[in-house]
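Worksheet: the structure to be examined is printed underneath.
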Amino acid sequence: MGRRVLVTGGAGYIGSHTLVALQEAGFEVVVIDSLCNSSEIALQRVQMITGTSVRFYHGDIRDRALLEQIFTENSIHAVIHFAGLKAVGESSQKPIDYYQSNVTGSLVLLEAIQAYGVKQLVFSSSATVYGSEAPVPYVETLQTGSTSNPYGTSKWMVEQVLKDAALANPELSVALLRYFNPVGAHPSGLIGEDPQGIPNNLLPYIAQVAVGKRKELSVFGDDYPTPDGTCLRDYLHVMDLAEGHVCALEWLEGKTGTIAFNLGTGKGTSVLDIVRAFEQASGVSIPYRVAPRRAGDLPAFWADASKAKQDLGWVARLGLDQMMVDTWHWQTNNPHGYGIATNDR
Ligand code: NAD
Ligand code: UFG
């Protein structure tokens with residue numbers, strides 16, 4: 001029997017792709033998800049891809065009784081913690097919801113992890129913890145903090161909580177995975193990113209323009225101090241990111257303490273480069289207009305991903321072209337995501 005992993009938020013974008021990677025690596029998976037930003041169909045699709053079942057508990061990670069039930073009914077070896085709210089803009093309007101879900105949720109989960117003697121935890125952190133003053137490329141040894149929105153602050157706070165928890169409990173080992181910009185989809189086109197309403201992120205927006213759901217892309221600012229004036233980000237394929245979780249789990253065996261890893265490609269790509277790469281991969285032209293800068297956007301950041309390579313043996317293998325091809329494949333196969341067409345979607 002494979003080692004059993006509890007995946008919180010496993011029906012979500014990164015979680016569902018990670019389930020595939022975990023099952024293909026021989027892990028058994030148990031999922032808890034409230035479905036507040038996802039669909040159970042994603043889990044059915046994962047099972048179609050892997051031919052292996054996913055045990056699903058529908059509920060909130062703040063529900064202590066449900067966590068107790070999960071840990072009692074399953075012998076959990078490790079936890080991968082994706083569950084949380086992630087819209088940067090919304091977090092400034094609803095800070096309490098964000099701290100509740102992301103910070104309180106992590107605390108309740110951590111209590112259960114300790115109570116049931118689970119020794120390994122992988123946490124979904126973000127490049128955003130480096131804050132607005134950090135020099136690029138971001139390296140793990142940089143100071144974190146100076147976050148500029150409640151979402152980023154919630155990620156930073158949970159990192160601190162986990163560091164202290166691992167210090168106090170030498171049995172516990174924690175990997176803080178700081179993701180850069182995950183894009184793309186599983187090559188089957190069966191699972192992918194399914195944003196609710198108007199997408200905040202670049203790739204889902206472009207994909208919806210490409211299928212005619214949105215008229216044009218707004219490029220937020222072309223007067224940044226970058227080669228073409230648009231922002232640079234480190235886009236990585238979600239399947240590479242998923243593999244990073246498998247590598248982190250393997251690495252945590254027998255370790256103690258907390259360690260942070262950047263998961264990115266190490267390359268910065270501009271908004272206009274992404275538009276061109278998408279057009280090339282899809283053969284569809286993307287109408288765009290230059291709009292004012294979006295509040296809170298940093299001009300440019302990308303990862304120094306050498307620590308993940310050295311310690312985990314992980315590198316991002318899939319290039320920009322594959323990221324675009326797989327985004328397009330998912331979008332054309334599922335123009336309304338997992339749901340049905342409504343005016344808003
Ligand atoms: P997602 O919204 O697709 O997935 C999150 C999942 O968690 C959803 O299925 C949602 O229903 C579930 N969830 C939310 N709150 C919950 C709660 N209280 N209890 C139970 N389930 C809950 O997001 P994603 O893009 O897959 O992101 C996964 C994680 O990675 C998040 O923690 C996010 O902050 C982090 N992250 C994402 C990005 C990105 O660009 N997508 C970048 C850095 C970090
Ligand atoms: N952009 C546009 N038009 C759009 C959407 C985005 O021009 O319609 C631009 C943004 O201005 C930015 C770039 O595309 O320059 C990428 O924007 P995203 O919203 O896709 O991604 P961000 O880098 O802003 O943020 C993402 C996640 C955060 C996470 C951060 C770092 O959404 O949760 O990466 O990991 F914190």
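Start at 1 and go down the list; that is how both ligands and their atoms are numbered. Both backbone and side-chain heavy atoms feed into the values below; hydrogens, waters and symmetry mates do not.
- Annotation: S125 places no N or O atom under 3.5 Å from an N or O atom of ligand 1; distance criterion only.
- D326 places no side-chain N or O within 3.5 Å of a backbone atom of P187 that could act as its donor or acceptor partner.
- If you number the atoms of ligand 1 from 1 as listed, the ones under 4.0 Å from a heavy atom of G59 come out as 20 (C).
- A210 approaches F278 most closely through the heavy-atom pair CB-CE2, 3.5 Å.
- In this structure, R178 fails the cation-pi test against F261, since its NZ or CZ atom is not both closer than 6.0 Å to the six-membered ring centre and inside 45 degrees of the ring normal.
- At a heavy-atom distance under 4.0 Å, only side-chain atoms of N181, from C-beta outward, approach ligand 2.
- The single protein non-hydrogen atom nearest to atom 12 (C) of ligand 1 is D33 OD1, 3.3 Å, given as residue, atom name and distance.
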One pair to check against side chain to side chain donor-acceptor pair (under 3.5 Å): W156 and T147. What are the steps and the verdict? CA-CA 8 Å; W156 182 83; T147 44; over 6 Å; no
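- At least one side-chain heavy atom of V219 sits less than 4.5 Å from a side-chain heavy atom of L272.
- Annotation: A11 places no N or O atom under 3.5 Å from an N or O atom of ligand 1; distance criterion only.
- When hydrogens are left out, the protein atom nearest atom 27 (O) of ligand 1 is I14 CD1, 3.7 Å; that is the closest non-hydrogen contact.
- Annotation: Y205 places no N or O atom under 3.5 Å from an N or O atom of ligand 2; distance criterion only.
- Within ligand 1, the atoms closer than 4.0 Å to a non-hydrogen atom of P182 are 39 (C), 40 (O), 41 (N), numbered from 1 in the order shown.
- Rounded to the nearest 0.5 Å, atoms CG (L19) and OG1 (T50) are 8.5 Å apart.
- At a heavy-atom cutoff of 4.0 Å, ligand 2 is contacted by both the backbone and the side chain of N201.
- Atom 4 (O) of ligand 1 has its closest protein heavy atom at G12 CA, 3.5 Å.
- Among all protein heavy atoms, the one lying closest to atom 28 (C) of ligand 1 is F82 O, 3.7 Å.
- The shortest separation from a heavy atom of E193 to ligand 1 is not under 4.0 Å, leaving the residue out of contact.
- Q114 contributes atom CD, which lies 9.0 Å from atom CD of E111 (distance to the nearest 0.5 angstrom).
- Of all the heavy atoms of S218, the ones lying under 4.0 Å from any atom of ligand 2 belong exclusively to the backbone.
- Taking CE from M324 and CD from Q322, the interatomic distance works out to 10.5 Å, rounded to the nearest 0.5 Å.
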Before you tell me yes or no, could you show the steps for S124 and Y179 under side chain to side chain donor-acceptor pair (under 3.5 Å), namely the whole-Å CA-CA distance, both residues' side-chain angles and the distance that decides it to 0.1 Å? CA-CA 7 Å; S124 291; Y179 313 155; 2.7 Å; yes
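- Nearest protein neighbour of atom 23 (O) of ligand 2, counting heavy atoms only, is R233 NE, 2.7 Å.
- Among Y235, F220, F301, the residue whose heavy atom lies closest to atom 13 (C) of ligand 2 is Y235.
- Evaluated by nearest non-hydrogen atom to atom 9 (C) of ligand 2, the leading choice among L298, I198, V271 is V271.
- Below 4.0 Å from some heavy atom of S124 lie the following atoms of ligand 1, by number and element: 29 (C), 30 (O), 32 (O), 35 (C).
- When only non-hydrogen protein atoms are considered, atom 5 (C) of ligand 1 lies nearest to G84 O, 3.9 Å.
- In terms of polar-atom proximity, defined here as any N/O pair under 3.5 Å, T128 makes no such contact with ligand 2.
- Between H245 and F27, the ring center distance fails the sub-6.0 Å criterion.
- At a heavy-atom cutoff of 4.0 Å, ligand 1 is contacted by no atom of T128, backbone or side chain.
- If you number the atoms of ligand 1 from 1 as listed, the ones under 4.0 Å from a heavy atom of Y151 come out as 33 (C), 34 (O), 35 (C), 36 (N), 43 (C), 44 (C).
- The proximity of R62 to ligand 1, defined as any non-hydrogen pair under 4.0 Å, is limited to the side chain.
- Residue contacts with ligand 2, taken as heavy atom pairs separated by less than 4.0 Å, do not involve I274 at all.
- No heavy atom of G105 sits closer than 4.0 Å to any atom of ligand 1.
- Residue contact check: S101 has heavy atoms under 4.0 Å from atoms 15 (N), 18 (N) of ligand 1.
- The minimum heavy-atom distance between F301 and A127, with the atom names listed, is CE1-CB, 3.9 Å.
- Of the protein's heavy atoms, R294 NH2, 2.8 Å lies nearest to atom 19 (O) of ligand 2.
- Heavy-atom contacts of L35 reach the following atoms of ligand 1: 11 (O) (cutoff under 4.0 Å).
- Considering backbone and side-chain atoms together, L85 places no N or O closer than 3.5 Å to any N or O of ligand 1.
- When only non-hydrogen protein atoms are considered, atom 2 (O) of ligand 1 lies nearest to N37 ND2, 2.7 Å.
- Atom 21 (N) of ligand 1 has S34 N, 3.1 Å as its closest protein atom, hydrogens excluded (heavy atom only).
- Between N181 and ligand 1 there is no heavy-atom distance shorter than 4.0 Å.
- Between Y138 and Y130, the ring planes are tilted. Angles from 30° to 60° get that label.
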Please walk me through it: do D33 and H58 pass side chain to side chain donor-acceptor pair (under 3.5 Å)? CA-CA 5 Å; D33 199 303; H58 181 193; over 6 Å; no
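- For atom 5 (C) of ligand 2, the closest heavy atom belonging to the protein is N200 O, 3.5 Å.
- Ligand 1 is never approached by I32 to a heavy-atom distance shorter than 4.0 Å.
- Note on E216 versus R289: salt bridge recorded, some NZ/NE/NH1/NH2 to OD/OE distance being below 4.0 Å.
- For ligand 2, the polar-atom distance check finds an N/O of F180 within less than 3.5 Å of one of the ligand's N/O atoms.
- Heavy-atom proximity to S126, at under 4.0 Å, picks out these atoms of ligand 2: 29 (C), 31 (C), 35 (O), 36 (F).
- In summary, the atoms of ligand 2 found under 4.0 Å from a heavy atom of V219, numbered by their order in the structure, are 7 (O).
- Of all atoms in ligand 1, numbered sequentially from 1 with element shown, those under 4.0 Å from a heavy atom of D60 are 17 (C), 18 (N), 19 (N), 20 (C).
- Against a heavy-atom cut-off of under 4.0 Å, I61 is close to the following atoms of ligand 1: 17 (C), 18 (N), 19 (N), 20 (C).
- Electrostatic pairing of E40 and R45 does not count as a salt bridge here, judged by no charged N lying under 4.0 Å from a carboxylate O.
- Residue K86 places at least one N or O, backbone or side chain, under 3.5 Å from an N or O of ligand 1.
- Selection from Y179, Y57, F123, Y13 by nearest heavy atom to atom 30 (O) of ligand 1 gives Y179.
- Checked by distance only, ligand 2 and L202 come closer than 3.5 Å through their nitrogen or oxygen atoms.
- Taking OG from S282 and CH2 from W328, the interatomic distance works out to 5.5 Å, rounded to the nearest 0.5 Å.
- When only non-hydrogen protein atoms are considered, atom 42 (C) of ligand 1 lies nearest to F180 O, 3.9 Å.
- Using a 4.0 Å cut-off between heavy atoms, Y151 contacts ligand 2 through its side chain alone, with no backbone atom that close.
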